[in-house]
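Written out below as structure tokens is the structure these notes cover.
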Amino acid sequence: MGQKLLARFAAGLFLLTVFSIDRIVLAQETSSSVGIFEGHGDVGTVLHAGISEYDPSKHSYTLTGSGENMWSNSDNFQFAWKKWSGDTSLTAGISFVGQSGNEHRKAVLMIRQSMDPDSAYVDVALHGDGLTSLQYREAKGAPTHEIQSNISAPAQLRIEKRGDYVSMWLGARGEKLQPAGAAMRVSFTAPFYVGIGVCSHDKDDIEKAVFSNVELKEVPRAPSADQTTLYSTLETIMVDSGDRRVVYSIPAHFEAPNWTRDGTAFIFNADGRIQRLPVAGGQPQTIDTGFAVRCNNDHGISPDGKTLAISDQSQGDHQSSIYLLPITGGKPRRITQKSPSYWHGWSPDGKTLAYPGQRKGEFDIYTISTEGGEEKQLTTAIGLDDGPEYTPDGKYIYFNSVRTGRMQIWRMHPDGTAQEQVTSDDLNNWFPHISLDGKWLVFLSYGKEVEGHPENKDVTLRIVPLKDDKLEGKIEVLAKLFGGQGTINVPSWSPDSKQLAFVSYQLIPRENTTK
């Protein structure tokens, strides 16, 4: 009896040893190389082990994976990867196998700091329903956000890292890849991981995606500005989530979006003209502004939505003056006789304009009737005062001033009395914009080392709640971007106060745009 028990124990031990060896071998196989990638495996928790396969005859990769999601502060997916240092681009065509999966399933090109499920990452994600977005988690354990593209189901996708910026490139079938307007500043410490992945978005399901014409390569750091092409992108951002959407992106310069009061269109300036673009996207149309063909980025819409204010420098001394015209276009009517003057705010009753103007070498804030006449000077402090904007109830004008040594946000009564500083930090804060419901204040922030409001800088949009026209709560970062001058010079809140429009910029190496 003892010998039988001993034999059974030995057999069980042998089976356990074999099973353990199989598990170890399986783990080693899961991390073995696949084509150009050094290894593969499941990140996070999945019910079904994933598979990464390479077909050298077709130069394609097929990834099979499970996973509940790649979102929030944790990811679950199959990942084929290669360790990397420095700047890089990863390009592929992506197609799902089968049409019946979850519409939110994802196949991705990814740059990831680690294999931890809550790792910092950026990816270009193709969803099952064709939605394509740049997803990102800025730091370990942070929430995931995204910048949605205005291009659905592209034939070719690319993720590209240059310095701390990671960008999305997309191409329709038969067309070359182009910057898609989405870019995010996320820092990675070498070595990090670059690769391809798939997630079913349903923990019980398995999804399969094919990655074709995969190319992973090193790219040089961005060259000097004179060797680049400037891309401008009109984006919107949801205040509650921080998620962004690309509306319009082109290799040209445009600035300063207004959101029309009926919520249907954006108005911005480009090449001295005023353009109108549907919120749904498409191609902009030029608004007829008559002789005013040197319009700058200081323009806005009356409270009733019928009149457009522009700042134009095509006449007289060729310094900026403020004009009014119908929002549908027409002959401009000059309002300010003194120049330069730059429109920035409209009183809630529609009767008064607020603007900065340079008089005797000093920039101060003035108001004037929409019928014209004499202007009223509101500020007299030494140094630049700029960006005046009325609160929706008309009780205050917010503005930015450098009078205390660094550009900060201030406010005053509409007659110029009770001027008080409302932000005080080590950043330079510009262009306060109050939501139409009066609950939020958004402004543009530069680093403390930046003077003025130049273009092509690392900037943030910051937001703080308002209560009774005063800051109520902590100032938070709403968005990080490359921009500055032209990003958010003028009011750009949506009519429902849930979204904001702005312009971001990219300097793309010229050789990339010609391939």
Side-chain angles (χ1 to χ4, degrees), residues 232 234 236 247-248 253-279 282-316 319-337 339-357 366-373 375 387-390 392 394 397 431 433-436 486-495 500-503:
S232 304
L234 196 160
T236 60
V247 179
Y248 179 63
H253 185 246
F254 63 80
E255 302 176 302
N258 302 123
W259 204 312
T260 59
R261 295 300 177 115
D262 62 6
T264 64
F266 301 109
I267 289 175
F268 57 88
N269 62 288
D271 296 325
R273 307 303 297 271
I274 302 297
Q275 307 284 325
R276 182 185 179 96
L277 176 76
V279 166
Q283 293 300 314
Q285 299 296 317
T286 300
I287 295 176
D288 177 15
T289 54
F291 59 78
V293 293
R294 294 182 63 190
C295 300
N296 57 46
N297 56 31
D298 298 314
H299 43 77
I301 302 167
S302 62
D304 64 7
K306 297 180 180 179
T307 306
L308 178 65
I310 60 173
S311 303
D312 176 74
Q313 53 202 49
S314 62
Q315 303 297 300
Q319 296 193 76
S320 180
S321 297
I322 298 173
Y323 299 82
L324 298 182
L325 66 150
I327 196 167
T328 54
K331 184 179 179 179
R333 175 170 58 91
R334 185 167 178 170
I335 303 300
T336 58
Q337 298 307 311
S339 59
S341 300
Y342 304 88
W343 180 90
H344 270 273
W346 213 309
S347 63
D349 62 9
K351 296 179 180 180
T352 307
L353 307 179
Y355 57 96
Y366 297 82
T367 57
I368 195 170
S369 167
T370 54
E371 298 302 318
E375 64 184 15
E389 186 169 313
Y390 287 86
I397 293 175
F431 304 132
H433 301 308
I434 302 99
S435 59
L436 297 184
T487 288
I488 192 169
N489 295 56
V490 292
S492 57
W493 280 95
S494 63
L500 196 76
F502 62 95
V503 178

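Throughout, numbering of the chain's residues begins at 1 and tracks the sequence.
Pairing each heavy atom of Phe268 with each of Leu234, the nearest pair is CD2-CD1, 4.0 Å. When all heavy atoms of Ser494 and Leu436 are compared, the pair lying nearest together is O-CD1, 4.0 Å. The two residues Leu308 and Gly300 have their closest heavy-atom pair at CD1-O, 3.3 Å. Here the closest non-hydrogen pair linking Leu277 and Pro284 is CD1-N, 3.6 Å. Heavy atoms only, all atoms of each residue included: Val490 and Pro257 are closest at CG2-O, 3.8 Å. A pairwise comparison of heavy atoms in Ile301 and Thr260 identifies CD1-CA, 3.7 Å as the closest pair.
At a threshold of 4.5 Å between non-hydrogen side-chain atoms, the residues Val503 and His253 do not count as touching. Under the 4.5 Å side-chain criterion, counting only non-hydrogen atoms from C-beta, Glu389 is not in contact with Phe431. Between Thr370 and Thr307 the shortest side-chain heavy-atom distance does not fall below 4.5 Å. Side-chain contact between Thr367 and Tyr390 is present, with at least one heavy-atom pair separated by less than 4.5 Å. Counting heavy atoms from C-beta outward, Phe502 and Ser492 have side chains that stay 4.5 Å or more apart. Within the 4.5 Å cutoff, the side chain of Ile267 has heavy atoms near those of the Ile287 side chain. Here the side chains of Pro495 and Asp262 are not in contact, with every heavy-atom distance at 4.5 Å or above.
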**Q.** Phe266 and Thr236: CA distance, side-chain angles, deciding distance, side chain to side chain contact (heavy atoms under 4.5 Å, CB included) verdict
**A.** CA-CA 11 Å; Phe266 301 109; Thr236 60; 3.7 Å; yes
Q. Ser311 and Ile322: side chain to side chain contact (heavy atoms under 4.5 Å, CB included), yes or no, with the steps?
A. CA-CA 5 Å; Ser311 303; Ile322 298 173; 4.2 Å; yes
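Residues satisfying the side-chain hydrogen bond (donor to acceptor under 3.5 Å, both in side chains) criterion with Arg334, sequence neighbours excluded, are Ser321. By the salt bridge (charged side-chain N to carboxylate O under 4.0 Å, His left out) test, Glu375 is found to be paired with Arg359, residues two or more places apart in sequence or in another chain being considered. With sequence neighbours excluded, the residues that form a ring-ring contact (aromatic ring centres under 6.0 Å, His included) with Tyr248 are Phe254. Every residue meeting the side chain to side chain contact (heavy atoms under 4.5 Å, CB included) condition with Gln319, not counting sequence neighbours, appears here in chain and number order: Asp317, Ser339, Pro340.
To the nearest 0.5 Å, atom CH2 of residue Trp346 and atom CG of residue Asp304 are 8.0 Å apart. Considering CG of Asn297 and CD1 of Ile488, their distance stands at 12.0 Å, rounded to 0.5 Å. Interatomic distance, Arg294 CZ to Gln313 CD, rounded to the nearest 0.5 Å: 5.0 Å. Ile368 CD1 to Tyr355 OH: the interatomic distance, rounded to the nearest 0.5 Å, is 4.0 Å. Atom CG of Leu324 is separated from atom CD1 of Ile310 by 8.5 Å, given to the nearest 0.5 angstrom.
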I'd like a table of donor-acceptor pairs (distance under 3.5 Å, sequence neighbours excluded) in which one partner is a side-chain atom from residues 347-354, with atom names and distances.
from, atom 1, to, atom 2, distance (Å)
Ser347, OG, Asp349, OD1, 2.6
Ser347, OG, Lys351, N, 3.3
Ser347, OG, Thr352, N, 3.0
Ser347, OG, Thr352, O, 3.3
Asp349, OD1, Lys351, N, 2.9

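Applying the side-chain hydrogen bond (donor to acceptor under 3.5 Å, both in side chains) test to residues at least two apart or on different chains, the pairs with a partner in residues 265-274 are Glu255-Asn269, Asn269-His299.
His433 contributes no side-chain N or O that, together with a main-chain N or O of Leu500, makes up a donor-acceptor pair within less than 3.5 Å.
There is no side-chain donor-acceptor pair under 3.5 Å between Ser320 and Asp298.
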